[in-house]
Amino acid sequence: MENLLIIILNAVLVSTVMCLADRVNNHIHIFVKRSFCMQCGHFLRWFDLIPILSAVLTRGRCRYCHNHYGVHYAYLEFIGTIIGSYLFSDPLTWITAYLLLFLALEDWHSESIHADILIPGIIYLFISNWGDLKILTTCAILIISLFLVYYRQVMGSGDIPVLVLLALTTTSQSFSLTLLLASISGLLYLMTHHARRLPFVPFLYFGWLGAILFEKIIIFNSL
Ligand SMILES: [Zn+2]
């Protein structure tokens with residue numbers, strides 16, 4: 001029963017984060033109370049808002065105007081629910097996963113993010129980890145990031161808080177693996193899409209998830 005409640009909670013949270021990202025990306029105030037179709041403006045009923053199921057049953061179409069918003073919502077909600085439920089026992093990683101999901105969706109859509117939502121958490125982690133070797137590593141990453149953003153201009157300024165947060169919440173091995181996976185997947189994207197630039201946060205998110213899940217599975221299997 002407890003596991004079922006955790007799954008339902010995570011399904012609702014993933015759906016809510018995706019809805020918030022959609023609203024921000026479409027310049028709609030996040031405190032508009034009722035959900036509605038972005039195409040026809042029709043208010044959605046409760047059965048249009050069931051995570052995963054609603055998108056599957058309607059095959060990713062609005063029931064009112066038949067606009068195809070995409071069945072990929074169901075896939076993302078499903079994968080997000082599994083990952084969120086798996087990470088639920090580790091609150092810091094769990095919260096980081098939802099913050100990064102929101103920022104990754106935002107970056108993918110508009111190539112700019114509200115990275116300032118990470119600042120309170122970063123300040124808290126800086127204070128609570130003060131004296132730890134992790135602070136030294138984080139400062140080195142911060143200096144390198146500032147150099148890459150403001151001198152070489154090869155990264156966006158929004159990437160800095162994300163990198164700092166990841167440095168503060170992961171082990172040095174996981175952080176290195178995160179950067180490796182993010183860079184490889186980003187390069188593959190650039191090559192296959194013949195693009196010259198890419199939103200980096202989604203790839204950092206992907207790399208971080210890969211590193212975290214790899215670390216947790218390795219630790220679990222070694223116990
Ligand atoms: Zn519609």
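Both counts, for ligands and for their atoms, begin at 1 and track the order of listing. Computed from heavy atoms alone, side chains included, the values below leave out hydrogens, waters and symmetry copies.
In this structure, a donor-acceptor pair under 3.5 Å is absent between the side chains of Ser112 and Glu106. Side-chain contact check for Thr93 and Thr96: no donor-acceptor pair (N or O, by modelled atom type) lies under 3.5 Å. No hydrogens or angles considered: nothing links the side chains of Tyr205 and Asp107 as a donor-acceptor pair under 3.5 Å.
Judged as a side chain to side chain donor-acceptor pair (under 3.5 Å), and not counting sequence neighbours, the contacts of Asn10 are Trp94, Tyr98.
Around NE2 of His68, the count of heavy atoms belonging to other residues, nucleotides or ligands within 6.0 Å exceeds 12.
Around the Zn ion (ligand 1), the protein contributes the following N, O or S atoms under 2.8 Å, ordered by chain and number: Cys37 SG, Cys40 SG, Cys62 SG, Cys65 SG.
Taking the six-membered ring for Trp and the full ring otherwise, the centers of Tyr189 and Trp108 sit less than 6.0 Å from each other.
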